[in-house]
Structure formats: C-alpha cells, structure tokens
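Here, residue 1 is the first one in the sequence, and each next residue gets the next number. Both ligands and their constituent atoms are indexed starting at 1 by order of listing. Not measured: the values here are computed from a predicted model.
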Amino acid sequence: MTQAALDWLGKNHEEIVHGLADLVAIQSISTDGEHHAEIDRTAKLTCDMMRQAGLHNVDLLKVGGSLPYAYGEWLDAPGKPTVFLYAHHDVQPVNFVEQWQSDPWKLTRRDGRLFARGAADDKGAISALLGAIAAYRKTGNTLPVNVKMLVEGEEEIGSKYLLKFFEAHKERIKSDVIVVCDTENIEVGIPSLTYSLRGIVGVQVDVSTAKTPVHSGMAGGALPDAAIALNSILGRLYWNNGALPIPGMYDQVRTLTDKERAAFAKLPFNADKFRQGAGLVPTARFAVEEGYNTYGQTWRRPAVTVIAQEASSIKGASNQVLPKASAIVSCRIVPDQKPEKVLADLTAFLSKDPPWGCEVKVTPAGPPVDWWMTDPNGPAFEAALAAMRGGYDRDPVAIGCGGSIGFVGPLSALFNGAPALLMGIEDPASNAHAPNESLHEGDFKKLMASLVRLFDNLGKLTPARVK
Ligand code: BES
Ligand code: MN
C-alpha cells in the first residue's frame, strides 16, 4: 500500500505543483489587515483541495473575530492513531520588490526550486500534507491512520485565536500525535526533526520630549532630541560579541548540556554560505557570543532585534528637533525563560534613566509566545525518524529552531502530552519572509515521501503506544 502511494506521488507530482501554484497566486497576506478577501479565498481553495485529496467533513471555520481556518478529516481507521496535521495559508507581505527575480505571486521553477511568496512558508506544507493524503486515498482508497488537518489563516500575525479555536473544537480535533511542517531542514537533502523553538516577547518604546517639532536652528542644542534619546536607549542593547546587557535576562536560561553542545558542533555549518545568504557586508563580523556556535546562539540563547523604528522619514526630513520617536524591540526567548519576567526585565532596562529626563513609555507589543522544547525520543519520534530516513535516503538530524510556533506546546498539552513532530519544509536558502522565497523541489518530493512513510509507521502503533 505504501509503495502504491509512493508511486502515485511520482506520477502526480506536476498536479501537486499546479495546486501549489494556485495557492501562491492568491495574495493571502495577513500582516497588513488589507487582504482579508484573499485570505478567505485561500481558505476556500484549501477546503476544495482537502475534498479533492479525499478528506471528509471539510469546513471553513472561524472563532470569534479570527481569519478563516480550513479543516478536514478522515476517520475511517478505527483503532489506529489519530494524527493532527497543521499548516498555515496566510503569508508575509512582499517588500524589497525590486529584489524579486520573478513575480512573487506566480510559482516559478528555477534551479531546482519553486519560487513564490508562501511557496515554502507555508503553502508548500499544505500541498505536501494533502499530497501524502491523496497518495493513499487515490490508490488504496484508505489511510493507515486517522487524520485531522487544520490550516490556519493568521499564523504570521501571532495566531491570536488559535488557542481559542483549539478550546472551542477540543473534542473534534482531539488527536494522539501532532505533525507540523513549518520549520527548516538544516541543509538541502538533510531531513531534520525540530525539537525546540524559541518564543517571542515584544515591546514598543515611545519616546516623547515635546508636543511639537521646533525649528532646529532656533532650538537645536537646547531642546532634547527625541530621536537621539530613543537611539541612546536602543544603544543600551548592543551586545558586541557578549551576552545581552539586560539585567536578569539569563536568570532562567537553561544551560546547554555538553551532549547538546557536541551534537550542535557535529551539524553541518558553512559560515561563508551563511554570510552569502544574507549578503553580509565584507567588513561585518557575526554577532555570535563567545563560546557559542550559530546553532547554540540562535536556538538556545535569547536575542533582541529592533524590528521597527520611526521618528521622521528621510524623504520628509526638515530642519526640526523631533518631539517623538518610537521603536519595537522584539526579544526571542528560550528554555526556561518566563515571558512575563523577560517583559518586566526588558521594560525596566529600557525605561530607566531616560536621556534628558524625557518621557519613555514601554508597552507590550503583540501577544507573548512561549518557547517549546521536547525530548525527541519514543515511538512517534522513532516513526518520524525512520520515515525521514526512508524519504530522504539519509540519516535525519534533530535540531532546534530560532523561530517561533506558539501553539505547539499548548496543543500538545491539550492532547495530554501528545508528541509533536516538526518536519522540515524550508531550508537555509528558502528566504522565508524575504525576497525570492522558494521551496527546494527535490526536498518537497522527499518530504511527501517521508509523510507517506510516517502515516504507515504510525499506523503500526496503537493510540496508546504512540507517546
Ligand atoms: N515558519 C516560521 C517559523 C520558523 C522560523 C521556522 C524560522 C524556521 C525558521 C513561522 O511561520 C513564523 O515566522 N513564525 C513567527 C511567529 C510569530 C508571528 C509569533 C516568527 O517566528 O516570527
Ligand atoms: Mn510559517
């Protein structure tokens, strides 16, 4: 049965790619609040594709003021484990437009990759999961496991309603194991199972020195400058190649074990490629802390990033002392940091001793997202590792992830500690959130082949034996 499903994937690959092309053609950007009609369309299209793949009880669902979820299931494998499958149909916006080498909304094949906004993050996952489902449903008319598939429409804006959705549909979605395709393979061709995620805590810093701008010829040097005040505050965050200078920041950070350190050191890493990927300027060095490699740094150490700053635009510049300036500081958090404590420490650090005694307001920006970490051992992880070994014809690796997927922990808890299998869809060249986002087509095929094997492997376990 598995072989027939694998053969089906081979024969129907172009069809699957066409489906992905239809998905990426819709500009389902969630971050600007201006594309709700498009998000409705990707939700509907995902529902159609679910029915097409052979899922039942397909519904477009909403909870509260949420954007639409696409949900479908297949429950005709009594006694077999139930697998919860997750992906998201919303995407990041397109900026730095001139850097795109082809239309972001037209799936374009180039150099073995499929380019488009959302091709990797995360519409490719919708196609991959449905491809693996269809592979079984179109051949043996059955699946080795029960599946419940949820495709969210607001992941890129922090999944505000997702936990409410889980609560509202708790019985309907109840599953024994969770599969998420929204992380990376460490390198093209190396199947990677992610066992940790960072969280996020964000704050907005608003600096205010006066009611209105004043001519800088009259007041320059006499009135406090809001932009300089803000940047002097942000300058406190400069960590050079050391730890972050925020008091309390490391109180709860879990130490890397020697075993993890050794495992991270063994993973493939190419500094030049990393430099080139970002187009790092020749004079710049990495900001990594002494004693950590890039993996340890991005997976298991907290980080701050100024993701936005406003004072006055260069275009609209005039000779004024600016009265207001604002920034958003986003902090990635790691095991065992508590979001509330990080928020308090960061707020205290940015609020204290305001330059010239100006007003500094530090307020939470966006909902906090918790980190997640699991022990990648047990029957479900073995099933996944074996499936990936078969699908990629290569030994899989266990990795961390510097990004955040907030629901994994809470959903696993809701399912009484169900294991969560995070299987890679992206790779370091995928440019998620950036210009020329792409999906490696070879790895896309291998992921689908792995999912087919995973369903088979999980089908050999009983629900009670999955954990
Ligand atoms: N797919 C990413 C998560 C990710 C990031 C995987 C980096 C692999 C490497 C996900 O879609 C994402 O971008 N998440 C947001 C979460 C935020 C909106 C709460 C993130 O990490 O910024
Ligand atoms: Mn994603």
Using non-hydrogen atoms of the residue, decide whether [X] is closer than 4.0 angstrom to ligand 1.
X    : value
G406 : no
A432 : no
R198 : no

Within less than 2.8 Å of the Mn ion (ligand 2): protein N, O or S atom count: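 For the Mn ion (ligand 2), the figure is 4.
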
Residues [X] and [Y] bridged, charged N to O under 4.0 Å:
X    : Y    : result
D456 : R453 : no
K44  : D40  : no
D59  : R172 : yes

Can you list the atoms of ligand 1 that are under 4.0 Å from a heavy atom of [X]?
X    : value
C401 : 6 (C), 8 (C), 9 (C)
H88  : 11 (O)
D121 : 1 (N), 11 (O)
V369 : 19 (C)

Residue, atom name and distance, where the atom is the protein heavy atom closest to atom 17 (C) of ligand 1: I200 CD1, 3.9 Å

Identity and distance of the protein heavy atom lying nearest atom 7 (C) of ligand 1: G403 CA, 3.9 Å

With a 4.5 Å cut-off on side-chain heavy atoms, are [Y] and [X] touching?
X    : Y    : result
V179 : M423 : yes
L85  : L150 : no
M249 : D345 : no

Residues W100, F115; criterion side chain to side chain contact (heavy atoms under 4.5 Å, CB included); working and verdict: CA-CA 10 Å; W100 281 83; F115 288 83; 5.6 Å; no

Give the contacting part of [X] toward ligand 1: side chain, backbone, both or neither, where contact means a heavy-atom distance below 4.0 Å.
X    : result
H433 : side chain
S404 : both
D182 : both

Donor + acceptor pair across side chains of T31, Q92 (<3.5 Å):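 Absent: no donor and acceptor within the cut-off.
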
Shortest non-hydrogen contact between A135 and V452, atoms and distance: CB-CG2, 4.1 Å

Full working for salt bridge (charged side-chain N to carboxylate O under 4.0 Å, His left out) between E437 and R117: CA-CA 6 Å; E437 175 175 349; R117 169 59 80 229; 2.7 Å; yes

Backbone or side-chain N or O of E184 under 3.5 Å from ligand 1 N or O: no

Pi-cation contact, F264 with R300 (under 6.0 Å, within 45°):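 The answer is no, since R300 fails at least one limit relative to F264.
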
Among E154, R332, E155, E156, closest by any non-hydrogen atom to atom 22 (O) of ligand 1: R332

The single option from R113, R109, R110 passing salt bridge (Lys or Arg N to Asp or Glu O under 4.0 Å) against E441: R109

For R389, salt bridge (charged side-chain N to carboxylate O under 4.0 Å, His left out) partners two or more places apart: D395

